[in-house]
Enquirer: 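First, the structure itself, so that you have it in front of you.
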2 protein chains.
Amino acid sequence: MTAQRASVKDVALLAGVSVGTVSNVLNRPASVTEKTRTKVEQAMAELNFHRNASARQLRAGVSRTVGVIVMDVGNPYYTELARGIEDRLANDDHTLILCSSDEDPHREAQFLRLLAEQGVRGVLVTPIASTMQRLGELRRLGIPSVLMDSLSSQHTSVGVDHVSGGRQAITHLIAQGHRRILYLAGPTDLQQTRHRLRGAVEAVQAAGLDPADVLQVVNLPYVTANEGQRGLIEALDGPGPQPTAVFAMNDVVALGAMRELRVRGLSIPGDMAVVGYDDLYFAAELMTPLSSVRQPMRQLGWAAADLLLTDHPHTMFEPELIVRASSDLRRT
Amino acid sequence: MTAQRASVKDVALLAGVSVGTVSNVLNRPASVTEKTRTKVEQAMAELNFHRNASARQLRAGVSRTVGVIVMDVGNPYYTELARGIEDRLANDDHTLILCSSDEDPHREAQFLRLLAEQGVRGVLVTPIASTMQRLGELRRLGIPSVLMDSLSSQHTSVGVDHVSGGRQAITHLIAQGHRRILYLAGPTDLQQTRHRLRGAVEAVQAAGLDPADVLQVVNLPYVTANEGQRGLIEALDGPGPQPTAVFAMNDVVALGAMRELRVRGLSIPGDMAVVGYDDLYFAAELMTPLSSVRQPMRQLGWAAADLLLTDHPHTMFEPELIVRASSDLRRT
DNA sequence: GGGCGAGCATGAATCGATTCATCAGTTGGG
DNA sequence: CCCAACTGATGAATCGATTCATGCTCGCCC
């Protein structure tokens with residue numbers, strides 16, 4: 001029933017030993033006699049002792065928390081990533097401070113300042129445009145960082161091969177006979193957008209076709225359902241040949257596109273095939289199950305945390321196309 | 001270009017003042033001359049000074065981080081909650097340590113120990129069966145806690161009125177003419193399950209009907225799409241009168257149920273109306289837009305954090321039924 | 001029995017920010 | 001011209017865990 005927190009001193013007093021011994025029980029149990037150890041452990045239990053992480057970290061100079069900044073915690077895609085990180089950290093008794101930048105440089109800067117003050121062991125970030133410079137400042141403070149879901153030769157990073165993802169999606173659509181494909185892309189300053197386009201171009205060329213004929217790109221400022229719908233309208237109502245397939249930046253964008261297709265009474269995949277990205281958990285549950293490129297987010301997070309804690313270098317993962325009815329006539 | 005972290009001592013040295021003065025600049029700027037203040041601030045900028053949160057907390061005895069334990073970070077419903085918490089904490093320069101219990105008592109215990117060691121300012125929890133006792137231990141360490149999404153007279157808590165949510169859903173379905181309603185519920189040891197049932201019963205009674213005739217309950221061990229589908233199969237293939245409407249524990253369960261309805265070629269809402277819970281962001285985007293009870297998760301999180309930081313007592317929120325095509329013939 | 005080394009326990013010093021009693025310097029009034 | 005009053009700066013002490021040079025004890029061997 002002690003109202004206050006017990007310290008090593010209290011434990012030492014109760015056990016009748018010195019504070020150094022208590023610390024030894026905690027950190028070098030082998031160097032303490034069986035007898036004293038049990039005595040100390042009893043005292044700790046009796047006082048409900050929890051070591052003070054602040055004091056520990058102040059002395060040791062190294063923290064047991066890791067900062068994570070993702071673009072949007074609301075997106076299941078990123079929480080899956082966070083989950084992978086957490087799993088890895090738990091193995092080493094570390095915790096995770098999770099922040100959501102909302103793609104807002106100001107928010108990101110504020111979080112990085114807080115993390116620096118916390119003296120975190122390291123920072124894991126899904127980068128936005130302004131990120132790199134600020135990470136340099138952290139580095140100068142001795143705080144390492146890892147980029148996630150984005151590759152950089154300047155910086156330790158883990159990522160998924162978006163070129164491969166784009167290639168797989170478009171190869172599949174071409175194999176299904178499509179010769180005019182709409183890419184509902186994100187902003188061009190996102191590496192993901194560019195890499196997937198490159199993969200798409202490669203797939204078209206590999207089939208002996210001309211990318212300029214086959215691919216039509218619409219860049220959306222935000223990757224939301226409404227934008228996806230708007231982008232599709234823009235493409236369908238515009239001049240030029242009509243696409244017969246859509247490759248969407250993610251499943252939410254695909255959702256918006258499919259909504260517009262229904263509005264127009266177009267069948268999926270008969271009139272228009274659709275392939276999404278991320279394979280969110282509801283993709284298979286839609287009226288027309290959605291083909292989607294699955295990314296190993298949990299492994300990615302695991303790898304990012306592992307890279308920080310142990311310096312094991314594994315950096316690039318392969319995505320995998322999951323084919324469902326939305327792009328495969330035989331399945332409908 | 002100093003490789004190491006600068007401390008107040010370094011700043012004091014460079015600015016030619018004492019450490020006490022530096023601390024005053026940081027914490028009581030009014031009590032320092034304009035001239036010395038700018039001198040110190042320049043030194044801080046030059047050294048890229050960040051105050052060490054560990055030392056600060058060790059001395060002050062109070063932390064600027066808050067622990068949050070939710071049942072599943074993978075569920076958008078909980079991340080929205082976390083987002084609300086984060087928004088409130090950011091106002092007071094606090095950060096959030098987010099943990100996912102996965103409904104596993106062992107994981108939860110481990111996280112609570114870590115949070116105790118961190119000396120967090122407080123803990124916000126979506127409780128599972130084993131939670132309450134452990135929170136008592138924290139309390140004895142002087143760490144306050146707030147229950148979220150669950151009400152308790154024993155404990156400070158914020159919650160949504162699940163009785164009201166259940167009542168709204170069933171009142172709506174009865175108004176649509178349904179007289180045999182299947183409640184695809186969660187485990188009975190979840191407060192949410194029980195409260196929504198109570199609301200459902202009240203709605204039936206308010207309509208002058210007998211709950212035993214109208215309501216059929218299937219308890220699912222897990223609230224997943226597959227379980228939702230299985231629960232519906234169990235109900236449809238079982239003896240007794242067939243339901244004409246389904247009230248699902250959440251939107252994911254509703255998704256599974258709708259999948260089975262499609263398999264059987266039953267129309268929604270013609271043959272079977274469906275109402276979900278949580279109003280997840282894809283609910284409106286499904287082929288048959290899903291009616292769902294919306295919960296103000298972000299506000300709930302905000303309120304929980306506010307309760308911790310300021311002791312403003314606001315505890316209960318109202319959910320709101322969003323009617324869409326899945327339960328309303330006129331909208332199809 | 002004396003000497004020696006191994007095995008344990010000790011406690012002062014340390015990390016960095018904060019606090020507060022104390023001191024130095026300035027001003028104004030008598 | 002002196003003292004009181006006040007403003008602003010000072011630096012030693014503090015928080016709790018860890019470390020390491022030091023000291024103590026015991027057992028063993030010559």
Side-chain angles (χ1 to χ4, degrees), chain A residues 2 4-41 43-44 47-64 93 114 116-121 141-143, chain B residues 2 4-41 43-44 47-64 93 113-114 116-120 141-143:
Chain A
T2 43
Q4 267 315 329
R5 273 187 89 152
S7 72
V8 276
K9 207 187 292 180
D10 302 322
V11 173
L13 211 66
L14 180 61
V17 299
S18 74
V19 289
T21 302
V22 176
S23 180
N24 282 334
V25 170
L26 289 169
N27 302 299
R28 275 172 301 280
S31 79
V32 178
T33 328
E34 177 74 26
K35 193 158 57 100
T36 30
R37 191 178 348 137
T38 55
K39 211 168 45 176
V40 170
E41 279 165 353
M44 295 200 310
L47 293 172
N48 193 18
F49 171 77
H50 289 255
R51 69 226 282 196
N52 182 322
S54 295
R56 202 154 124 85
Q57 174 178 342
L58 175 58
R59 182 63 233 256
V62 33
S63 154
R64 309 192 137 260
D93 238 31
L114 276 168
E117 290 186 357
Q118 291 289 332
V120 291
R121 169 84 178 259
L141 293 174
I143 299 178
Chain B
T2 42
Q4 268 314 330
R5 275 185 87 151
S7 72
V8 276
K9 209 187 291 179
D10 302 322
V11 174
L13 211 66
L14 179 62
V17 299
S18 74
V19 290
T21 303
V22 176
S23 179
N24 282 335
V25 169
L26 289 168
N27 302 299
R28 274 173 301 278
S31 78
V32 179
T33 328
E34 176 73 27
K35 194 159 55 103
T36 28
R37 184 166 6 125
T38 55
K39 210 168 44 177
V40 170
E41 279 166 353
M44 295 199 310
L47 293 172
N48 193 17
F49 170 78
H50 288 256
R51 66 225 286 196
N52 181 322
S54 296
R56 205 154 122 83
Q57 174 178 341
L58 174 60
R59 183 65 235 256
V62 34
S63 154
R64 306 190 140 262
D93 238 31
R113 182 178 61 76
L114 275 169
E117 290 186 357
Q118 290 290 333
V120 291
L141 293 173
I143 299 177

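We name chains A, B, ... by the order of the sequence lines, and we start the count at 1 in each one. Treat the numbers as computed from the prediction; the structure is a model and nothing was measured.
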Enquirer: Closest-nucleotide mapping onto DNA chain C: is A:Asn24 or A:Arg59 further toward the 5' terminus? I mean the 5' end.
Expert: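 Looking at DNA chain C, the more 5' nearest nucleotide goes with A:Asn24.
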Enquirer: Search all heavy atoms of B:Leu58 against all heavy atoms of A:Ala55 and return the closest pair with its distance.
Expert: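 In this case the closest contact between B:Leu58 and A:Ala55 is CD1-CB, 3.8 Å.
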Enquirer: Base, sugar-phosphate alone, or nothing: which one does B:Val22 contact when heavy atoms must sit under 4.0 Å apart?
Expert: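 Result for B:Val22 = nothing.
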Enquirer: B:Arg113 vs B:Glu117, test: salt bridge (charged side-chain N to carboxylate O under 4.0 Å, His left out). Steps then yes/no.
Expert: CA-CA 6 Å; B:Arg113 182 178 61 76; B:Glu117 290 186 357; 3.2 Å; yes
Enquirer: Should A:Thr21 be listed as having a side-chain N or O under 4.0 Å from OP1 or OP2 of C:dA9?
Expert: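 For C:dA9, neither OP1 nor OP2 has a side-chain N or O of A:Thr21 closer than 4.0 Å.
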Enquirer: Taking for each residue the nucleotide of DNA chain D bearing the nearest heavy atom, is the 5' side occupied by B:Thr33 or by A:Arg28?
Expert: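 In this pair, the answer is B:Thr33.
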Enquirer: Could you list where the contact with chain A starts and ends along DNA chain D, reading 5' to 3', using a 4.0 Å heavy-atom cut-off?
Expert: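 Extent of the interface on DNA chain D: D:dG16 to D:dT19.
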Enquirer: For the backbone of A:Lys35 and the side chain of A:Thr33, can you confirm whether one donor and one acceptor N or O come within less than 3.5 Å of each other?
Expert: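 No; zero donor-acceptor contacts below 3.5 Å.
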Enquirer: Would you say A:Gln57's side chain and A:Gln118's backbone share a donor-acceptor pair under 3.5 angstrom?
Expert: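 Checking the backbone N and O of A:Gln118 against the side chain of A:Gln57, a donor-acceptor pair under 3.5 Å is found.
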Enquirer: At 4.0 Å (heavy atoms only), tell me whether A:Val17 reaches a base, stays on the sugar-phosphate, or touches nothing.
Expert: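 Result for A:Val17 = sugar-phosphate.
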Enquirer: How far does NE2 of A:His50 sit from CE of A:Met44, to the nearest 0.5 angstrom?
Expert: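 Here the rounded value is 10.0 Å.
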Enquirer: With a non-hydrogen cut-off below 4.0 angstrom, is A:Ser31 in contact with a base, only sugar-phosphate, or nothing?
Expert: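 If one applies the 4.0 Å heavy-atom cut-off, A:Ser31 turns out to touch the sugar-phosphate alone, with no base involved.
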Enquirer: Please check the phosphate of C:dA9 (OP1 and OP2 only) for any side-chain N or O of A:Thr36 closer than 4.0 Å.
Expert: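 So the side chain of A:Thr36 is within the cut-off, an N or O lying under 4.0 Å from OP1 or OP2 of C:dA9.
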Enquirer: Just checking B:Gly20: base, sugar-phosphate only, or nothing, at a heavy-atom cut-off of under 4.0 Å?
Expert: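 If one applies the 4.0 Å heavy-atom cut-off, B:Gly20 turns out to touch a base.
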Enquirer: Nearest 0.5 angstrom please: B:Arg56 CZ to B:Ser63 OG, how far?
Expert: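 It is 10.5 Å, given to the nearest 0.5 Å.
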